[in-house]
J.: 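Would you mind keeping the following structure in view while I ask a few things?
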There are 2 protein chains.
Amino acid sequence: MNTFQTQQFARLLKALSGDIRLNIISYLATGEKCVCHIYEYFKISQNLVSHHLGILRESGLIKDRKDGKRVYYSLNEQNIEKVTHFLQGIVQKKKEERGTW
Amino acid sequence: MNTFQTQQFARLLKALSGDIRLNIISYLATGEKCVCHIYEYFKISQNLVSHHLGILRESGLIKDRKDGKRVYYSLNEQNIEKVTHFLQGIVQKKKEERGTW
DNA sequence: ATATTATATCAAAATAATTTGATATGTTTT
DNA sequence: AAAACATATCAAATTATTTTGATATAATAT
């Protein structure tokens, strides 16, 4: 059973799956942003944004860089692509299975 | 702001993001299965599996087909691919952004 | 018709995630 | 050194999800 690997991906998917977090990810696709940019853009509180950024950071989906008193966040495409490849693998397997009879 | 579309994908990602549900999805990649196959395979209770299948079904990630007293589930690849394309689009945008200076 | 099997649904309990408000930490400005 | 600013963290409250146990529905077998 492939449960362990699947568990890893379930964790990444969970991090992606919040409304706020997925919007942050989309926003970061347009380039690196500091925390204050993000909470002003979405009009939500600073601590709430920091909390969600923390979840994304710990899951490895984004990277942080400190500059003065600001912290800049950006996407970690590599890990996002790991998710897409995992899902694409499932779709692929299914398509192959269909051919086996 | 692309919030509405993002919300749709957040919903799909949430459906994918449970440990049990992602394992079911992986299992269904090997072919159509009835409910009893699934709960025997994972050694969890019937009602729990039915509950998670319900979430996957309502999100459109799997399809059901009734045959006699059994219900068979299979992947709906189209919707899984929508997720991968969405994520791949984010990665793509980020990669393009990097080239703009 | 009754019993059995397969699945779904419901309500309650247990657990987890999100949000809010307050405070701490570190950096810059004065 | 004090004030101001940017961010993170913590605890409590709120809300959502998961799990369990019980029951309902529908198909088949006896």
Side-chain angles (χ1 to χ4, degrees), chain A residues 3 6-28 31-76, chain B residues 3 6-28 31-76:
Chain A
T3 298
T6 306
Q7 217 169 322
Q8 309 285 108
F9 284 109
R11 192 163 165 271
L12 289 176
L13 287 163
K14 185 167 288 180
L16 282 172
S17 76
D19 203 20
I20 291 181
R21 290 195 295 270
L22 195 56
N23 272 295
I24 290 175
I25 290 280
S26 289
Y27 185 44
L28 291 181
E32 189 188 59
K33 302 280 182 290
C34 77
V35 178
C36 57
H37 287 150
I38 299 169
Y39 72 76
E40 277 161 16
Y41 183 73
F42 291 112
K43 295 176 175 48
I44 55 182
S45 66
Q46 177 269 313
N47 56 351
L48 186 53
V49 165
S50 277
H51 173 245
H52 287 297
L53 286 170
I55 290 172
L56 288 169
R57 178 175 12 87
E58 276 169 35
S59 73
L61 292 166
I62 63 177
K63 292 174 288 200
D64 62 334
R65 174 177 74 81
K66 197 165 187 182
D67 180 16
K69 50 186 170 179
R70 302 208 163 166
V71 177
Y72 289 88
Y73 283 94
S74 58
L75 294 190
N76 188 353
Chain B
T3 299
T6 307
Q7 217 168 321
Q8 309 285 107
F9 284 110
R11 191 163 167 273
L12 289 176
L13 287 163
K14 184 167 289 180
L16 282 173
S17 74
D19 203 19
I20 289 181
R21 290 194 294 269
L22 195 56
N23 272 297
I24 290 176
I25 290 280
S26 289
Y27 185 44
L28 291 180
E32 190 188 57
K33 301 281 182 291
C34 77
V35 178
C36 58
H37 288 149
I38 299 169
Y39 73 76
E40 275 162 19
Y41 184 73
F42 291 111
K43 294 174 176 49
I44 55 182
S45 66
Q46 177 270 314
N47 56 350
L48 186 53
V49 165
S50 278
H51 173 245
H52 287 298
L53 286 170
I55 290 171
L56 289 168
R57 178 175 13 88
E58 276 168 34
S59 74
L61 292 166
I62 63 177
K63 292 174 290 200
D64 61 334
R65 174 177 76 80
K66 197 164 186 181
D67 181 16
K69 48 187 172 179
R70 301 206 163 169
V71 177
Y72 288 87
Y73 283 95
S74 58
L75 294 190
N76 188 353

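Proteins come first, then strands; the chains are lettered A, B, ... in the order of their sequence lines, and each starts at number 1. All values reported here derive from a predicted model rather than from experimental measurement. The analysis underlying the following values was restricted to heavy atoms, covering all of them including side chains, and did not include hydrogens, waters or symmetry mates.
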J.: Find the distance A/Lys33:NZ to D/dA6:P and express it as a whole number of Å.
T.: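 Nearest whole value for this atom pair: 17 Å.
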J.: Which residues pass the side chain to side chain contact (heavy atoms under 4.5 Å, CB included) test with B/Asp64, not counting sequence neighbours?
T.: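 B/Asp64 satisfies side chain to side chain contact (heavy atoms under 4.5 Å, CB included) with B/Arg57, B/Val71, B/Tyr73 only.
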J.: To the nearest 0.5 Å, what is the distance between CD1 on A/Ile62 and NZ on A/Lys33?
T.: 12.5 Å
J.: Which class fits the ring pair B/Phe42 and B/Tyr27: parallel under 30°, tilted 30 to 60°, perpendicular over 60°?
T.: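 B/Phe42 vs B/Tyr27 ring planes: perpendicular.
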J.: Rounded to the Å, how far apart are A/Tyr72 OH and C/dT27 C1'?
T.: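 Interatomic distance, OH of A/Tyr72 to C1' of C/dT27: 13 Å.
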J.: For nucleotides 16-18 of chain C, list the nitrogen or oxygen atoms of the protein found under 3.5 Å from its nitrogen or oxygen atoms, one pair per line.
T.:
residue: C/dT18; atom: OP1; partner: A/Arg21; partner atom: NH1; Å: 3.3
residue: C/dT18; atom: OP1; partner: A/Arg21; partner atom: NH2; Å: 3.2
residue: C/dT18; atom: OP2; partner: A/Arg21; partner atom: NH1; Å: 3.2

J.: Detail all sub-3.5 Å separations between protein N/O atoms and N/O atoms belonging to nucleotides 22-30 of chain D.
T.:
none

J.: If the test is side-chain contact (heavy atoms from CB on, under 4.5 Å), which one of A/Val49, A/Ile55, A/Leu53 qualifies with A/His51?
T.: A/Ile55
J.: Using atom OH of B/Tyr39 as one end and atom C1' of C/dA6 as the other, report the distance to the nearest whole Å.
T.: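 Answer to the nearest Å: 7 Å.
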J.: Exactly one of B/Asn76, B/Leu12, B/Leu61 should register a side-chain contact (heavy atoms from CB on, under 4.5 Å) with B/Leu56. Which one does?
T.: B/Leu61
J.: Under the ring pair (Phe, Tyr, Trp, His ring centres under 6.0 Å) rule, collect the residues that match up with A/Phe9, sequence neighbours excluded.
T.: A/Phe86
J.: Compare side-chain N and O positions of A/Tyr73 against OP1 and OP2 of D/dA8 and report whether any pair is under 4.0 Å apart.
T.: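 For A/Tyr73, the contact criterion (side-chain N or O under 4.0 Å from OP1 or OP2 of D/dA8) is met.
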J.: B/Glu58 has an atom CD; how far is it from atom C1' of C/dT9, in whole Å?
T.: 11 Å
J.: Nearest whole angstrom, please: distance from the C1' of D/dA8 to the CZ of A/Arg65.
T.: 18 Å
J.: Between CD1 of B/Ile44 and NE2 of B/His52, what distance do you get to the nearest 0.5 Å?
T.: 6.5 Å
J.: Without decimals, in angstroms, what is the distance between B/Ile44 CD1 and D/dT20 P?
T.: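 Going from B/Ile44 (CD1) to D/dT20 (P), I get 9 Å.
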J.: From CZ of A/Arg70 over to C1' of D/dC5, roughly how many Å is that when rounded to an integer?
T.: 9 Å
J.: Going by side chain to side chain contact (heavy atoms under 4.5 Å, CB included), name the residues that satisfy it together with B/Arg65, two or more places apart in sequence or in a different chain.
T.: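 B/Arg65 satisfies side chain to side chain contact (heavy atoms under 4.5 Å, CB included) with B/Glu32, B/Asp67, B/Tyr72 only.
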J.: Can you measure B/Leu53 atom CG to D/dT17 atom P for me and round it to whole angstrom units?
T.: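 In whole Å, D/dT17 P and B/Leu53 CG are 18 Å from each other.
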J.: Enumerate the residue pairs fulfilling salt bridge (charged side-chain N to carboxylate O under 4.0 Å, His left out) with a member in residues 14-23 of chain A, sequence neighbours excluded, ordered by first and then second residue.
T.: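 Output for this query is empty, none listed.
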